[in-house]
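One-based numbering, in listed order, for ligands and for the atoms of each.
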Amino acid sequence: MDRLFGALDSALRTLFSKPRSSRACPVVPAEQTHLGAQERRHAAALMRVNHVGEVCAQALYSAQALTARDPALRQQMAQAAREETDHLAWTQARLDELGARPSLLNPLWYAGAFGLGMVAGRLGDRTSLGFVLETERQVEAHLQGHLDRLPAADHASRAIVAQMKDDEATHARQAQHAGADELPRPAKLLMKAAAKVMTTTAHYI
Ligand SMILES: [Fe+2]
Ligand SMILES: [Fe+2]
């Protein structure tokens with residue numbers, strides 16, 4: 001019951017309150033960011049997509065913490081969730097700076113990711129970890145894509161995305177060390193397809 005309330009609390013905080021990061025937002029001190037109107041719109045669309053990704057990460061880790069059978073694993077999920085909260089706070093702060101709003105569909109993304117996390121969790125800790133591993137790998141590749149697409153002059157967004165990419169790689173490694181099963185290829189492809197729908201939609205809405 002306690003854990004259920006914890007999951008509900010984390011959903012409400014993710015969707016309706018301003019997240020607080022435990023680490024300072026990454027910056028490139030030597031480089032000032034000055035963007036034209038079009039660059040700013042482009043960067044905002046990409047950072048909105050990344051913010052949605054972090055909303056989903058909150059949902060995913062919350063579902064994992066709820067379903068994990070091993071208490072040590074639950075601890076590990078909770079620690080990863082705290083780092084994901086930094087990502088959520090940084091992307092939200094950057095959206096604010098760019099004068100853009102987060103996705104209007106965030107409650108929907110959260111519910112979807114939470115449901116998927118619960119399904120994976122029900123299949124046992126190793127499958128659940130396999131789901132985390134594959135998610136983090138796909139997110140890492142996606143963030144690399146954004147480093148290629150973000151305006152070269154947007155040092156502020158790039159510093160955030162680069163740090164997130166490093167953290168996601170660490171989360172993937174941790175899941176692997178904790179005994180993640182490799183997911184079957186069709187499951188990976190399905191996850192890619194779902195992520196594509198999400199990122200394409202969040203670009204605009
Ligand atoms: Fe993240
Ligand atoms: Fe992560």
Which N, O or S atoms belonging to the protein are less than 2.8 Å from the Fe ion (ligand 1)?
E54 OE1, E54 OE2, E84 OE1, H87 ND1, E168 OE2

Does anything in residues 10-26 form a salt bridge (Lys or Arg N to Asp or Glu O under 4.0 Å)? List the pairs, not counting sequence neighbours.
D9-R13, R23-D86, R23-D167

Is E168 paired with K165 through a side-chain N to carboxylate O contact shorter than 4.0 Å?
no

Under a single-linkage rule joining Ile, Leu, Val, Met, Phe, Trp and Tyr whose side-chain heavy atoms are separated by less than 4.5 Å, which residues share a cluster with L129?
Y61, L73, M77, V132

Look at E140 together with R137 and state whether they make a salt bridge at an N to O cut-off of under 4.0 Å.
no

Polar contact flag, side-chain donor to acceptor under 3.5 angstrom, Q176-R173:
no

Which atom name would you report as the N, O or S atom of E136 nearest the Fe ion (ligand 2)?
OE2

Hydrophobic clusters join Ile, Leu, Val, Met, Phe, Trp and Tyr when side-chain heavy atoms are under 4.5 Å apart, directly or via other members; which others share one with L46?
L35, M47, W90, L95, L98, V139, L143, L147, L150, I160, V161, M164

